[in-house]
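Heavy-atom basis, side chains included; hydrogens, waters and symmetry copies ignored. When a residue number appears, it is its place in the shown sequence, counting from 1. All values reported here derive from a predicted model rather than from experimental measurement.
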Amino acid sequence: MLETPQHKYRPFAPVELADRGWPAQTLRRPPVWLSTDLRDGNQALFEPMGVAAKREFFDLLCAVGFKEIEVGFPSASRPEFEFVRHLIETQAIPSDVTVGVLTPARPDLIARSIESLAGAKRAIVHVYNAVAPVFRETVFRKTKTEIMALAVDAVRYTRQLTERWPQTQWILQYSPEAFSATELDFSKAVCDAVVDAFGATENDPVIINLPATVEVATPNVFADQVEWMHRHIGRREAVVLSVHPHNDRGTAVAAAELAMMAGAERVEGCLFGNGERTGNVDLVTLALNLYTQGIAPGLDFSRLDEVARVAARLTRLPVHPRHPYAGELVYTAFSGSHQDAIKKGLAAQQSEAVWNVPYLPLDPADVGRDYQAVIRVNSQSGKGGVAYLLEEHYGLVLPRRMLIGLSEAVQVRAEEGGGEVSPAQVWEVFCDRYLKDREAGTYQGHECAVAGGDEQIRLSVGVDGRVVHYEGCGNGPLDAACRALPGPVQLCHYEERAISAGSDAQALAIVEVATAGGERTAMAAAVHENLVTASITALVRAWANLRTSAAPALIEDPRRTRGSGTALGLIQALK
């Protein structure tokens, strides 16, 4: 057991911001998005992508709608440098997309990075150095003055080199690395010095990026830090305030959302949250969170499955099946109560109405999902899921009592198999339970005649391997057949459904019978092109189910009602 860790860990100090404004804010617009999949995400892979793979990923990001893409770390390796050159020399960068590269605050690495961008129409040079106490004191062993000088000198050198390439519109980005673990007054001092050193103006601003390089506190603390900088940083009109949240505490999305409420205008992250350690902020989740609040995110995830497949193939990192919005199972309900609520919600949802379906915060169709994947069946499922699958895949709407019995049988099937039950398997259980002939009684044929206003029937039934003939009369052929069968038998429910149209039209008949006292009931169904034949066949099957010890008995009292309905799509399954 973990002991109380006060001797080893201490909580992060809160920000003195008594009149904080972000808790009262509501998000109304998307941020400027920057994808760092090709830089931060790529350097976090077991096997970093080569030029061809990065190009395919770049094209994907452009198709999704990113207008700012950090394409690499060209001073780190030759492949990184070559990829940036590839984009520029092949004119692969759309006119409305700005590419960027990352460089440490070292002159030689800055020069190499700017060299890689030569010839680009518009480019971001992203300079960083660590400013947090643990880096100052342990890694670099430098004073605050020395750390600030390092940043200022790097920015001045960047300005000097970029002026040699006037055909490119250069944008400076500066990150005080580990901002979230740094004293706010020192972060402000460094950023103010950087803005001044670059000569930023309202028309030529600097991007000041505030990274939660390691997530060290709750999201509200990060929001306080961002709002403090938003209020206090000098020459705010000459600054685009950006954030780069990491996910060490699992709250990067929340931190990004609160940071936007606190004044951040730009967010950096990766598709599906790739990145060092636990990853960067997940831009898919963040964007679709905005979408579900009625805010157009400016990114196109209408074909989200395709985006996920390409990203997973290129990075060799699978998208978790429970990943928000993109996971294979996130629009799937196994729980019976969930399935029932979703089925009813989908049926009630009007096409032009505000989306309001239980358990589904997003319309799956908006991200390219099919409703057929919404409800699936396993041992945890109930009648709602079974009903949905039969209606969606076979056009079959069952009466409630038959659905209850079928759901019980499907659950047994799921428990025995230990996994999901497919629509075809649900149909197989339905056929075995309600469309199957039994030794106790098999329809062989019938002859009808009218005498004295009554329907007379001679019914041939196979019983335990021999054919037995029963005769009876009643108000119509089904009533006559029911009276002919020994028992006595009560007909307590009957429904019919057309299952095709035209010359090959067939009918599905559903019959429920009970013993004379109503102690036991049984149901069955039959399909035939002749409705009378289908009805009598279903009756005989229900009677046989009632006679056999294996009868699918029902517990609830039968509802003695008559009904009719329509089902489409069964014919192909029956052939």
Side-chain angles (χ1 to χ4, degrees), residues 386-387 390-391 394-406 409 426-438 440-448 455-462 470 472-485 487 489-514 521-548 551-554 558-575:
V386 173
L390 284 176
E391 184 174 353
Y394 299 103
L396 179 59
V397 179
L398 297 182
R400 176 177 173 81
R401 290 177 49 70
M402 179 173 275
L403 183 59
I404 292 172
L406 178 62
V426 172
W427 173 250
E428 182 182 318
V429 174
F430 172 75
C431 292
D432 182 68
R433 189 175 180 88
Y434 297 115
L435 290 176
K436 185 177 180 180
D437 289 326
R438 315 224 177 242
T442 305
Y443 171 81
Q444 299 293 320
H446 73 276
E447 297 176 359
C448 285
E455 190 87 24
Q456 294 185 337
I457 192 169
R458 187 172 190 269
L459 179 60
S460 301
V461 180
Y470 301 112
C473 64
N475 182 21
L478 188 60
D479 184 46
C482 189
R483 293 175 184 274
L485 291 169
V489 179
Q490 288 183 314
L491 178 64
C492 52
H493 190 84
Y494 169 74
E495 292 188 23
E496 61 190 54
R497 280 147 165 65
I499 59 173
S500 61
S503 60
D504 62 345
Q506 295 201 28
L508 172 73
I510 298 172
V511 171
E512 181 178 14
V513 297
T521 69
M523 300 186 80
V527 175
H528 198 274
E529 62 270 12
N530 182 280
L531 178 59
V532 173
T533 301
S535 302
I536 296 175
T537 303
L539 173 67
V540 172
R541 286 175 176 163
W543 172 74
N545 284 338
L546 196 62
R547 293 184 69 219
T548 180
L554 297 174
R559 296 186 180 185
R560 303 177 187 278
T561 59
R562 298 174 65 88
S564 63
T566 301
L568 301 175
L570 270 172
I571 186 66
Q572 294 301 321
L574 292 168
K575 286 184 175 179

Examine distances only and state if a side-chain atom of Arg547 and a backbone atom of Ala440 form a donor-acceptor pair shorter than 3.5 Å. yes
Whether Thr537 side chain and Thr533 backbone form a donor-acceptor pair below 3.5 Å: yes
Neighbour count >12 (heavy atoms, 6.0 Å) for atom CG, Asn475: no
From CG (Leu508) to OH (Tyr434), nearest 0.5 Å: 12.5 Å
[X] and [Y]: which non-hydrogen atoms are nearest, and at how many Å?
X      : Y      : answer
Cys482 : Leu539 : N-CD2, 3.5 Å
Trp543 : Gly441 : CZ3-CA, 4.0 Å
Ala534 : Ala526 : O-CB, 3.3 Å
Leu531 : Ala507 : CD1-CB, 3.8 Å
Glu455 : Pro477 : CG-N, 3.6 Å
Gln444 : Val461 : CG-C, 3.9 Å

Can you confirm whether [X] sits close enough to [Y] that some side-chain heavy atom of one is under 4.5 Å from a side-chain heavy atom of the other?
X      : Y      : result
Thr521 : Gln490 : no
Leu398 : Phe430 : yes
Asp479 : Tyr494 : no
Ile536 : Ile457 : yes
Ser535 : Glu496 : no

Identify which one of Leu546, Ile510, Val511 satisfies the side chain to side chain contact (heavy atoms under 4.5 Å, CB included) criterion when paired with Met523. Ile510
With sequence neighbours left out, write down each residue that passes side chain to side chain contact (heavy atoms under 4.5 Å, CB included) with Ala524, or none if nothing qualifies. Arg541, Ala542, Asn545
